[in-house]
Every structure is written in structure tokens, then in C-alpha cells.
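The chains referred to below are lettered A, B, ... by the order of the sequence lines, with proteins before strands, and numbering in each begins at 1. All heavy atoms count here, side chains included; hydrogens, waters and symmetry mates do not.
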Amino acid sequence: DGGITQSPKYLFRKEGQNVTLSCEQNLNHDAMYWYRQDPGQGLRLIYYSQIVNDFQKGDIAEGYSVSREKKESFPLTVTSAQKNPTAFYLCASSIRTTYTGELFFGEGSRLTVL
Amino acid sequence: GIQVEQSPPDLILQEGANSTLRCNFSDSVNNLQWFHQNPWGQLINLFYIPSGTKQNGRLSATTVATERYSLLYISSSQTTDSGVYFCAVEASTDSWGKLQFGAGTQVVVTP
């Protein structure tokens, strides 16, 4: 079935460690996105990519890094520079149109910093 | 940046009841989407509706872009409708890809 796969679903990290969250899609979408969700709040955009080998910072990119080497994959690294990394991370994809296309989301990854 | 305000913040419904959720936004938009997040965190796109009216089963949505609001209607609610409903908009003045999410409406449907 077509969809977006995020892994791991749950991740625990010690302070000072970098972690990488995986996002893979088989929807043949050009555009991919990473959002962060904190309890009781909406989603905030971290990074997004319209095409392979190109990506842009969203509203809260500090302390995060991404790569887009393949159309299907858009991994997110949470670095030790991110001061408050405990959150729910959501990956999404869409077709690339004049405006942001209809977003399809993965099931999310919950990161807890111990 | 554009402000997105959703109301009410919380809603408790008895099964079978109808309800209306509202999304106000502070600037002109060229994109508006409604999402449902289930209790396990999965987000599903309900509507892509920058203007006009759409219906999908018991759900329908209307966006009046000139007055800067959108409404999501839930009819004959079911317990599976529980979760958080988000509105997200892309301002006409923003660069591509920047959907701004509201804080959501938490809906609980009781049997």
C-alpha cells in the first residue's frame, strides 16, 4: 500500500546525543516536510523540500538538519544544539503544485530526552 | 506571519449530535486544509478547501476566503470522530510550503 513510513515510533535519547528520524514515502510525491508537535499545540514546520537535493528552513529549523538525496527519503537529525527536543515529530509529503499540495502524514515519531 | 485561530478549543458531544468548528485567519490565503488527528497521533487530511464548499460523508466544509474563515461541520457524530481537528492555511504572501496550523479543536464524542 502507498504511504509514509516513519521510524522509530518511540525514541529515547540522552542529552548531548544526535538522533536521526527516518521518513520514507512511496507515493511518488516530490515534496516532503517535517513538523514538530508539542502537547496541546498545533504543528510547526521544521524543514521542507520541494525536490531532490534541495530543502528550505521552516519556522523552527535551529538545532535540526535534513538531507534529500532520494525522492523517497527525507531523514531528520535532531542535534545536540536543539535545546528542547522532546516532542512528537511528523513527516508529510505532497504533490508539488502552485501551492502546498494536500498533505499526507506518517504515524509520527515520539522523541524523549532523558 | 498569518494568524490562525480555531474555536472552540474543546467540544464534548453526545453520539448523534451535530457540531460546527470554526477557523479564522488574519490574511488572505491561497490554500486551506482541514485535518483530523486521532488519539494515537495519526493525522488524516479531511479537506483541501481554499474556497467554496465540499462534502465527504458526514463531514462538510465551507471556506469564505473573502471573510477569512472556514467552517467544518460534523453531522451525526460517532465516537470515532473523537480527536483533534486542525485547520492549516498558506498565506498568499508566504513562500511555497509554509502551511500555518491552528492550535486545534479537541473533540470528544461520548456514547
Side-chain angles (χ1 to χ4, degrees), chain A residues 2-6 8-10 21 23 27 29-51 54-61 66 68 74 87-111, chain B residues 1-10 21 23-25 27-51 54 56 61 63 65 83-108:
Chain A
I4 301 176
T5 302
Q6 290 188 239
K9 284 188 169 40
Y10 299 92
L21 307 180
C23 178
L27 299 168
H29 286 166
D30 285 306
M32 297 187 74
Y33 315 77
W34 275 105
Y35 289 90
R36 169 181 171 141
Q37 186 178 27
D38 293 288
Q41 298 187 29
L43 281 65
R44 293 184 290 167
L45 183 64
I46 305 173
Y47 269 98
Y48 59 105
S49 168
Q50 296 186 49
I51 55 173
D54 185 54
F55 49 83
Q56 288 79 39
K57 293 182 179 180
D59 299 321
I60 56 165
V66 294
R68 187 84 189 276
F74 192 39
F88 186 46
Y89 292 89
L90 288 149
C91 178
S93 70
S94 75
I95 62 173
R96 186 163 157 252
T97 66
T98 306
Y99 311 120
T100 304
E102 181 180 350
L103 291 185
F104 292 84
F105 282 89
E107 293 184 338
S109 294
R110 292 191 186 275
L111 173 62
Chain B
I2 191 168
Q3 304 298 312
V4 183
E5 187 177 305
Q6 292 188 242
S7 60
D10 301 280
L21 282 58
C23 173
N24 291 334
F25 40 94
D27 206 346
S28 61
V29 300
N30 50 34
N31 188 348
L32 188 146
Q33 301 184 32
W34 281 98
F35 299 87
H36 173 233
Q37 187 172 38
N38 68 21
W40 297 271
Q42 176 72 57
L43 271 150
I44 301 296
N45 196 304
L46 299 175
F47 294 103
Y48 182 98
I49 185 168
S51 63
K54 289 187 177 180
N56 184 0
T63 297
V84 183
Y85 291 80
F86 291 104
C87 164
V89 303
E90 186 172 13
S92 302
T93 54
D94 264 340
S95 58
W96 188 99
K98 289 200 169 187
L99 270 180
Q100 186 71 34
F101 280 74
T105 294
Q106 172 86 53
V107 173
V108 175

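Contact of B/Q6 with chain A is not made at all, since no heavy-atom distance falls under 4.5 Å. For B/F47, no part lies under 4.5 angstrom from a heavy atom of chain A. The parts of A/L103 that come within reach of chain B are both its backbone and its side chain, each placing non-hydrogen atoms under 4.5 angstrom from that chain. For chain B, no part of A/K9 is nearby; none of its heavy atoms comes within less than 4.5 Å. Only the side chain of B/Q100 comes within contact range of chain A, with heavy atoms under 4.5 Å apart. The contact between A/Y35 and chain B is made entirely by side chain atoms (from C-beta outward), counting heavy-atom distances below 4.5 Å.
Proximity of a side-chain donor or acceptor of B/N31 to a complementary backbone N or O of A/T100 within less than 3.5 Å is detected. Using modelled atom types, no side-chain atom of A/E102 and backbone atom of B/Q33 make a donor-acceptor pair closer than 3.5 Å. Between the side chain of B/Q42 and the backbone N or O of A/F105 there is at least one donor-acceptor pair closer than 3.5 Å.
The most heavy-atom pairs under 4.5 Å with chain B, out of A/R44, A/R96, A/Q37, A/Q41, come from A/Q37.
Note that CZ of A/F104 and CD1 of B/I44 are 9.0 Å apart. Values are rounded to the nearest 0.5 Å.
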